[in-house]
Amino acid sequence: MTYKTNKGNRRVLVTKKLISEALLKLLETRSIEKITITELCETAHVNRSTFYHHYTSQYDVLTEIEDEKVEDIKAMLDKIDPKRSFTIREQVEAICVYLKENKSAFLLFMNSKYILKDFSEKMFDITMKKGFSEDRAPKELSDEQKKLWESFYQGGLYYLIYSWLSGSSQASPAEAADLICAFIPAINK
């Protein structure tokens with residue numbers, strides 16, 4: 001994970017990394033609502049004034065971590081060879097590989113009531129949106145119905161990925177990508 005600041009100050013980067021790692025560690029045992037700034041600072045070994053210099057709450061830290069993961073996925077997709085036309089299926093598999101490699105962090109995000117909708121929308125927008133472009137929606141749907149159609153698939157995909165990551169499934173990223181693509185008629189058109 002990369003940590004960005006306007007200053008590029010190494011000390012700031014290290015401090016933010018310590019705070020982020022501490023929050024992820026605390027999230028393994030309880031929800032964000034139950035984590036206090038005091039225990040977050042103690043776990044990160046930073047003082048409260050340092051914390052408040054960078055963030056206003058534990059939710060800000062979580063949002064920054066989430067944004068970094070989304071940016072990592074965007075960067076990964078941008079690195080795909082532009083000379084080769086990758087299918088949506090190949091892109092889905094690449095995303096599944098990344099999700100599996102970062103399983104614990106993504107499960108923490110997905111289990112958080114605080115960012116569920118926002119994180120789901122960001123993931124859908126960067127990964128699957130083009131597979132659900134308006135020309136793929138059933139023609140008889142109104143604009144409002146097309147948005148609901150997209151929301152339906154967004155929620156279904158999110159839960160399917162969540163179930164794959166959190167369950168006892170031994171499916172590989174390739175098998176998960178096959179399953180995701182098989183369930184989505186928009187991709188198969």
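Separation of atoms CD (Glu93) and OG (Ser172) is listed at 7.0 Å; rounding is to 0.5 Å. In this structure, Glu64 CD and Asp60 CG are separated by 8.5 Å, a value rounded to the nearest 0.5 Å. Rounded to the nearest 0.5 angstrom, Asp67 CG and Lys69 NZ are separated by 12.5 Å. Taking CG from Leu107 and CD1 from Ile161, the interatomic distance works out to 11.5 Å, rounded to the nearest 0.5 Å.
Two different hydrophobic clusters hold Tyr159 and Leu148 under the rule that ILVMFWY side chains link at heavy-atom gaps under 4.5 Å. Put simply, Tyr98 and Ile65 are part of the same group of oily side chains (I, L, V, M, F, W, Y) that touch within less than 4.5 Å, one to the next. No chain of hydrophobic side-chain contacts below 4.5 Å, direct or via other Ile, Leu, Val, Met, Phe, Trp or Tyr residues, connects Ile180 to Val97.
Scanning both residues, Cys96 and Ala176, for their nearest heavy atoms gives SG-CB, 4.2 Å. Shown here for Leu27 and Ile32, the closest heavy-atom pair between the two residues is CD2-N, 3.7 Å. Of all non-hydrogen atoms in Lys100 and Ala171, the two that sit nearest each other are NZ-O, 4.1 Å. What you find for Leu165 and Leu99 is that their closest heavy atoms are CD2-O, 3.9 Å. Smallest separation of non-hydrogen atoms from Leu62 and Leu23: N-CD2, 3.6 Å. In this structure, Ala22 and Thr43 approach most closely via the heavy-atom pair CB-CG2, 3.7 Å.
Counted within 6.0 Å of CZ on Arg11, heavy atoms from surrounding residues, nucleotides or ligands total 12 or fewer; the atom is thus considered open.
Salt-bridge check for Lys17 with Glu21: passed, with a basic side-chain N closer than 4.0 Å to an acidic carboxylate O.
For Thr36, the side chain to side chain contact (heavy atoms under 4.5 Å, CB included) partners two or more places apart in sequence, or in a different chain, are Thr38, Glu39. Residues forming a side chain to side chain contact (heavy atoms under 4.5 Å, CB included) with Ile37 (at least two apart in sequence, or on another chain): Cys41, Arg48, Phe51, Tyr52, Gln58. Qualifying side chain to side chain contact (heavy atoms under 4.5 Å, CB included) partners for His54, counting only residues two or more places apart in sequence or in other chains: Val12, Thr15, Lys16, Thr50.
Residues Phe152 and Trp149 are not in side-chain contact: their nearest non-hydrogen atoms beyond the backbone lie 4.5 Å or more apart.
With 3.5 Å as the limit, one finds no donor-acceptor pair spanning the side chains of Ser142 and Glu144.
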